[in-house]
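Below is one structure; the comments refer to it alone.
Reminder, nothing fancy here: chain letters follow the sequence lines and each chain counts from 1.
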There are 2 protein chains.
Amino acid sequence: MDQGAHHAAEQGSLLLQDQLCFALYAASRSVTTRYRPLLEELGLTYPQYLVMLVLWDRDSVSVRELGTALQLESSTLSPLLKRLEAGGLIRRERRSDDERSVAIRLTQDGADLREKARAVPLAIGEAMGLTPEQDATAKHLLRLLTANVTRD
Amino acid sequence: MDQGAHHAAEQGSLLLQDQLCFALYAASRSVTTRYRPLLEELGLTYPQYLVMLVLWDRDSVSVRELGTALQLESSTLSPLLKRLEAGGLIRRERRSDDERSVAIRLTQDGADLREKARAVPLAIGEAMGLTPEQDATAKHLLRLLTANVTRD
DNA sequence: CTCGATTAAGTTGCGCACGATTTAATCGAG
DNA sequence: CTCGATTAAATCGTGCGCAACTTAATCGAG
C-alpha cells in the first residue's frame, strides 16, 4: 500500500531518478562505453560496429536498407560509411538498375574482421550480467517501448 | 526445447536483431526523438532537460555533482551549461570557499519553466505505453545492467 | 511522351558525448 | 611552509545524430 502510494506519486514526477527515460539514456551510454575498448581493437566505433553486423549478415545493402535496419538517417550514415570506406572495410557502388541507390559491400578486410568480432557479443553479454530470462525480458520491453513510442 | 535451442544460439550471435545492446540503443534514440517536439516548446534539448530536472530538485549544484547525477563528463556539461546560461535559465558562479568549483543555480526564468515542464513526463509515459509493472521492471533491469556494466 | 511528385543519397549546421589535455585551485606529506 | 599530487572546470578534436535542405534519378498521371 505504501508501494502503491509511492508508485502513484512517481507518475508525472519531475525527479531524475524516477524517469525511465533517464535509466534508458544512462544504460545505453554505459553499454557503448563498455564496448569502446573492445571495438577499438577492431578499429570500429559502436555505430560502425552495428553497420558491420548488418553487413556480416547480408552482403550488399543499400544505404536506405541500412537506415531501416538501424533506424538512422542518411545524414548519419553517409559520413559514417565514408569513414568505413576510407578504412578499407567496405566498398560503395551505384546500382546500375537504379542510379539513385548505392550498394554497400564488404571488402575482404571487412569480411575477415568478422572472426575478430566473434568474441565481442559474449564479452558484453558477460559484462551486462543479466540472466537469460532478464536479457529476454529487457529485449522484449525495449522493443515494445520502441514500437509504442515510434507509432503514430 | 526449441526455445532453449534458439536461446542458446543467440548467445554470442552476430545478428543485429539478437543484440540487447541494439534494442537499448534504438529505444533510447526513439524516446529522445519523441521528447524533441515537447521540449522544443520549452526551448530545451533532451540533455538540457535532464540538467533542468536536477536543478528543479535541488538548487545550487556543482558541475561535478551534475556529472555524477547524469553520468556525463565536464567536457559535455561545460558547453551545455554555457548554452543554458546564454538562454537565461541558469547562472554560474565560482564558489567562494573553493574557487575550483562552479555553482549552478536557476534564474527566475529557469525556476518558472518547471510549471511548463510538468506535463512532459506524463506525455512521454503515455507514449511509452508500458503498464506500471512493465515500467518498474524496465527501470529495474536497466539500472541493474548499468550497475553491472559500469563496475570494475 | 512529359513534367510535377517522389525517392535515394548526400551536405550543412548544431548540439551532444567522450578521450585527452590544459589551467588553476586545493590538499597533504614531509 | 612547501612543492608534488590531486581535484574541478574548461578546451580541443573527432564522431555521431538529426532536422532542413540540395542534387539527381525514377515514377506516374494525363
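- Remark on DNA chain C: of its neighbouring residues A:Arg95 and A:Thr33, the 5'-side contact belongs to A:Arg95, judged by nearest-heavy-atom nucleotide.
- In this structure, the side chain of B:Gln134 engages the main chain of B:Thr131 through a donor-acceptor pair within 3.5 Å.
- Taking only side-chain atoms of B:Arg83, from C-beta outward, the nucleotide of D:dA9, C:dC16, C:dA9 with the closest atom is C:dC16.
- Under 4.0 Å is where a charged nitrogen must lie from a carboxylate oxygen, and between A:Arg105 and A:Glu93 at least one such pair does.
- Between A:Arg100 and A:Thr76, the residue whose closest nucleotide on DNA chain D is further toward the 5' end is A:Thr76.
- With hydrogens and angles ignored, a donor-acceptor pair closer than 3.5 Å exists between the side chain of B:Ser75 and the base of C:dG19.
- Side-chain atoms of B:Glu99 lie closest to C:dA25 of the nucleotides C:dA25, D:dA9, C:dG15.
- The side chain of B:Ser101 places no N or O atom within less than 4.0 Å of a non-bridging phosphate oxygen (OP1 or OP2) of D:dT7.
- Distance CG (A:Leu39) to P (D:dG15): 15 Å, rounded to an integer number of Å.
- Contact annotation: B:Gln48 side-chain N/O to C:dC16 OP1/OP2 distance is under 4.0 Å.
- Atom CD of B:Glu40 and atom C1' of C:dG15 are 13 Å apart (whole Å).
- Nucleic acid contact class of B:Ser62 (heavy atoms, under 4.0 Å, all strands): sugar-phosphate only.
- When the P atom of D:dG17 is taken as reference, atom CZ of A:Arg29 falls 13 Å away, rounded to whole Å.
- When rounded to the nearest whole Å, the span between OH of A:Tyr49 and P of D:dC16 equals 15 Å.
- At the heavy-atom level, A:Leu77 lies nowhere under 4.0 Å from the strands shown.
- A:Arg92 comes within contact range of the sugar-phosphate backbone alone, with a heavy-atom separation under 4.0 Å but no base atom that close.
- Remark: the backbone N or O of B:Glu99 is paired with a side-chain donor or acceptor of B:Arg94 at under 3.5 angstrom.
- One can place CG of B:Asp97 at 13 Å from P of D:dA8, the figure rounded to the nearest angstrom.
- Applying the Watson-Crick and G-U wobble criteria (two distances, each under 3.5 Å), D:dC1 pairs with C:dG30.
- Phosphate proximity of D:dC16 to A:Thr45: present, with a side-chain N or O under 4.0 Å from OP1 or OP2.
- Taking side-chain N and O atoms only, A:Arg64 has a distance below 4.0 Å to OP1 or OP2 of C:dA8.
- Under the 3.5 Å distance criterion, the side-chain polar atoms of A:Arg114 are matched with a main-chain donor or acceptor of A:Trp56.
- Remark: side-chain polar atoms of A:Glu41 are not paired, donor with acceptor, to backbone N or O of A:Leu38 under 3.5 angstrom.
- Base pairing of C:dA24: its partner is D:dT7, meeting the Watson-Crick or G-U wobble criterion (both donor-acceptor distances under 3.5 Å).
- Judged by Watson-Crick or G-U wobble contacts below 3.5 Å, the nucleotide D:dC21 has C:dG10 as its partner.
- Atom pair A:Glu73:CD and D:dG15:C1' shows a separation of 17 Å (rounding to whole Å applied).
- Within the structure, every side-chain polar atom (N or O) of A:Arg94 is placed at least 4.0 Å from both OP1 and OP2 of D:dA25.
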>> Walk me through whether B:Leu141 and A:Asp135 qualify under side-chain contact (heavy atoms from CB on, under 4.5 Å).
In response: CA-CA 9 Å; B:Leu141 290 176; A:Asp135 187 286; over 6 Å; no
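- Across the protein-nucleic acid pair, B:Asp98 atom CG and C:dA24 atom C1' stand 11 Å apart, rounded to whole Å.
- A:Leu66 places its CG atom 13 Å from the C1' atom of C:dA8, with the value rounded to the nearest Å.
- In summary, A:Glu115 and A:Arg118 engage in a salt bridge, as defined by a charged side-chain N under 4.0 Å from a carboxylate O.
- Distances shown here put a side-chain N or O of A:Tyr25 below 4.0 Å from the OP1 or OP2 atom of C:dA17.
- Between C:dT11 and A:Lys82, a contact under 4.0 Å exists linking OP1 or OP2 to a side-chain N or O.
- Checking the phosphate oxygens (OP1, OP2) of D:dA10, a side-chain nitrogen or oxygen of B:Ser78 falls inside 4.0 Å.
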